[in-house]
Amino acid sequence: MGRADARRAQGREARRAKGGGIRRLFTWRKILGTFFGLCLLGMGALAALYMYVDVPEANAQAEKQSNVYKYSDGTLLARSNSEVNREIVDLDVVPRSVQHAFVAAENKSFYRDQGVDLKGTARGLFNTVTGKGKQGGSTITQQYVKNYYLTQDQTVTRKLKELVISLKVDQRTKKDDILAGYLNTVYYGRGASGIQAAAQAYYGVDAKDLDTSQGAYLAALLQAPSQYDWANATPTGKKLVKERWAYTLNNMVGEGWLDKAERDRMTFPVPKSPKAAPGMEGQTGYLVEAANDEMKRQGVTEEMLDAGGWTVTLNIDKKRQKQLEKSVDRQLESQLDRKDNKVDATVQAGATSVDPKTGKVVALYGGVGATEHWYNNATRQDYQPASTFKPLVLASALENESTTQDGDLIGLNTVYDGTSKRPVVGSDTPFAPQNEDDVSYDSPTVQRAMDKSINSVFAQMVVDVTPAAVKRTALDMGVPDKNFPERPAITLGTMNASTWDMAGVYATLDNHGKKVTPAIVKTAEHRDRTMEPVDGVGGQAISRASADTVTKALTEVVDLGSGREANTSAYDAAGKTGTSENNKAAWFAAYTPELTTVVALYGESPKEGGGQVSLTGTANSGRANGGGFPAKIWADYTLDALGGGSDATFDLQGVERGETAVTETPSATPSETQEPSETPSEEPTPSETPSETPTEEQPTPSDTPSQTPTSTPSGTPSTTTDPEDGGAQPPGERPGGDTLLGQ
């Protein structure tokens with residue numbers, strides 16, 4: 001054998017020796033011994049824990065406290081009800097099918113198991129240790145123990161106690177008693193603890209009168225009471241709770257508790273609209289709701305809020321809050337006949353007022369009263385902001401240094417084609433919106449287009465910038481991504497937003513482009529917890545030059561355009577009006593250097609379930625529009641809120657004028673136009689017959705608008721006219737509800 005062979009042999013021997021050492025160290029006998037040793041150790045620990053932890057006295061929420069809400073100056077606004085909204089009922093009062101619905105939804109094996117779900121508990125412990133949130137998979141017994149004996153804290157100690165106590169409770173207590181305790185202690189949302197309170201809160205009946213379908217909804221609700229409450233659930237939330245409801249009923253069929261034929265006949269039982277809790281009358285309930293919602297967004301769970309003990313100081317300025325309420329009463333409510341006028345009965349007002357330097361919500365108007373109208377009109381997001389969105393189209397054009405189809409840089413002096421029903425150029429989606437009252441304008445500048453809210457100009461501008469770029473700018477500035485397709489029609493505000501949202505957007509313009517996020521909670525203090533307040537002001541959403549240029553355009557809207565009702569020498573102001581499709585909403589969004597306020601009117605059917613209706617005929621004044629009641633409310637409030645006026649002026653820098661070349665029409669030049677025999681007035685007089693076309697921005701006597709040609713240029717896409725929304729839209733803009741809005 002050569003030296004090389006000898007070395008290889010020695011290497012093999014060394015490797016075998018090493019491998020043998022590892023195998024001797026990790027033999028199957030040793031591995032199994034270690035495993036069983038750990039199991040015995042764990043069992044011993046559990047046995048010790050079982051002996052150590054006893055079933056405590058029931059807490060029964062004996063230490064439940066009120067939540068205290070204060071104005072920004074520390075004076076008391078409200079105190080949540082210190083008594084738990086609960087009425088204990090015996091299990092035999094609850095229909096058997098309703099009992100089974102809860103078992104089917106939460107714990108199918110309830111009648112067979114030992115009170116614990118080891119797999120679910122292990123998963124919950126792992127999630128707690130790794131910071132992945134709440135545990136899932138708890139049995140009804142475990143949930144009852146958590147609610148009745150323990151706390152809502154998400155800690156390993158509490159979960160281990162829950163496990164041991166649940167085992168002992170299951171051994172010592174009848175299943176029916178456990179189920180009764182569970183049904184009477186669990187929280188259902190709407191301030192209702194226990195099934196009796198929940199039955200009243202959601203269906204206006206006693207627990208004994210619940211049917212199977214209603215019981216299945218209440219059982220489904222427990223997974224996410226806030227998200228699944230039909231009254232304020234998002235479309236996704238409604239979809240999920242209906243699926244959960246169906247899952248519950250199907251489980252009942254699977255367990256033999258419900259006949260399949262009966263199940264197939266069941267329809268989803270839509271609950272009643274909620275009512276505010278006692279002591280939350282007037283604007284108080286809206287303010288408390290807005291504060292609670294903000295706290296939830298900041299990580300305070302509904303269970304934590306329900307447990308009480310919070311002292312919440314709001315940013316609401318007590319004086320300005322009262323002034324806003326008075327302004328709505330003076331300028332709107334005093335003009336309405338809600339009892340005998342069907343249109344007046346549909347009118348809902350909402351408003352949000354923000355300090356643009358801090359983001360603090362200093363005043364909020366949610367409606368006629370929280371005990372009369374549950375929905376908070378200041379924060380609701382089911383209406384469209386209409387032409388109050390047009391300034392964001394200009395902001396995006398400036399921010400992206402966009403040009404017209406002819407290559408002209410867009411600015412205040414850039415000239416566009418103002419022909420009504422002019423088809424846009426450069427879009428895959430046809431769009432040819434009609435201007436207000438079908439009036440055409442001869443080569444208006446962007447500034448004049450903003451003054452008069454000329455639809456055809458902004459329809460082309462959004463194509464020049466691209467809908468995708470406009471949407472990015474809008475999202476950066478605070479517009480929510482709700483029903484927000486990337487199509488040319490977004491120029492008319494076809495997405496959904498609230499006065500709260502738009503107040504943040506306009507405050508961002510007011511704050512020279514720095515992002516403003518409205519915040520209503522100043523501080524939220526609790527003995528055992530903390531809440532991080534919202535940072536009201538962030539970084540630049542758009543450049544100062546872009547924001548200040550838009551502000552310059554909007555000052556003229558107030559001085560000379562559709563927002564003249566807000567014009568006064570008492571303060572410097574900038575703003576924009578908006579009237580949505582079919583006159584269902586009317587907006588005025590405006591600001592001074594010190595205060596940003598958005599006011600809106602909504603047409604809402606007073607029937608159960610609501611529904612959007614036209615505001616036309618409000619207070620017998622013809623067509624409602626943003627330059628009417630909303631602008632008057634805004635002006636009345638702002639004057640008082642600023643102590644009778646202010647010397648502060650807008651400090652505008654880098655205003656971008658753009659280029660001024662006239663844009664060519666898309667194809668054939670329209671036929672020669674004629675001037676109208678009479679200049680349209682700003683608002684119809686009461687004697688006028690209300691038009692179905694939304695109105696707000698009418699030409700002033702100094703304007704010389706031309707009538708729209710009777711035919712569109714040859715070769716352009718055909719359009720269909722909808723007399724109710726005052727616009728012509730090609731079919732391409734109709735899908736998904738993206739119909740044309742008023743100006």
Side-chain angles (χ1 to χ4, degrees), residues 204 231-232 272-278 280-287 289 321-352 363-380 382-383 498-499 565 578-588 597-637 683-692 694-696 742:
N232 51 34
K272 294 175 56 178
S273 296
K275 295 181 179 180
M280 295 293 169
E281 297 84 0
Q283 299 306 303
T284 301
Y286 300 129
L287 295 173
E289 178 196 34
Q321 178 65 31
K322 301 304 179 187
Q323 288 164 341
L324 180 56
E325 294 172 26
K326 289 178 181 178
S327 293
V328 175
D329 288 340
R330 281 195 295 256
Q331 300 299 327
L332 177 67
E333 291 297 333
S334 65
Q335 312 298 315
L336 300 179
D337 182 0
R338 292 189 176 276
K339 182 178 180 181
D340 297 321
N341 185 306
K342 291 183 178 179
V343 175
D344 288 0
T346 71
V347 178
Q348 294 293 333
T352 304
L364 180 149
Y365 187 87
V368 293
T371 56
E372 302 163 66
H373 182 262
W374 175 265
Y375 293 109
N376 189 334
N377 293 329
T379 58
R380 67 189 303 171
D382 53 339
Y383 284 79
S498 65
T499 66
E565 281 289 352
T579 306
S580 74
E581 177 190 9
N582 297 343
N583 205 187
K584 293 175 181 176
W587 297 68
F588 189 62
T597 306
V598 177
V599 182
L601 297 190
Y602 308 119
E604 179 191 87
S605 172
K607 297 178 181 178
E608 183 72 27
Q612 299 183 11
V613 297
S614 177
L615 290 165
T616 299
T618 296
N620 296 314
S621 61
R623 295 173 292 181
N625 57 68
F629 291 114
K632 292 176 182 178
I633 293 169
W634 186 94
D636 189 272
Y637 161 71
E683 292 186 312
T685 62
S687 62
E688 292 179 304
T689 302
S691 165
E692 289 300 317
T695 184
E696 87 195 29

*So, Arg380 side chain and Gly366 main chain: donor-acceptor pair closer than 3.5 Å or not?*
no
*Distance-only, no hydrogens or angles: does the Asn582 side chain make a donor-acceptor pair with backbone N or O of Lys584 under 3.5 Å?*
no
*Only counting residues at least two apart or in another chain, list the ones meeting side chain to side chain contact (heavy atoms under 4.5 Å, CB included) with Gln348.*
His373, Asn377, Tyr602, Glu604
_Pairwise side-chain contact, Thr346 with Ser605, heavy-atom cut-off 4.5 Å (strictly under)_ = no
*asked:* Minimum heavy-atom separation for Val368 and Tyr286, please, with both atom names.
replied: N-OH, 3.9 Å
_Tell me whether Tyr375 contacts the main-chain N or O of Ala231 through its side chain, where contact means a donor paired with an acceptor under 3.5 Å._
yes
*How far does NZ of Lys326 sit from CD1 of Ile633, to the nearest 0.5 angstrom?*
16.0 Å
_Quiz question: by atom type and distance under 3.5 Å, do the side chains of Gln331 and Gln335 form a donor-acceptor pair?_
no
*asked:* If I compare all heavy atoms of Asp337 with all of Asp344, which pair ends up nearest, and what's the gap?
replied: N-OD2, 2.7 Å
_Looking at Gly603, is its backbone amide N or carbonyl O close enough to the side chain of Tyr383 to form a donor-acceptor pair, meaning the two atoms are under 3.5 Å apart?_
yes
*At their closest point, which heavy atom of Pro630 faces which heavy atom of Trp587, and how far apart are they?*
CB-C, 4.1 Å
*State whether the side chain of Gln612 and the backbone N or O of Asp382 hold a donor-acceptor pair below 3.5 Å, judged by distance alone.*
yes
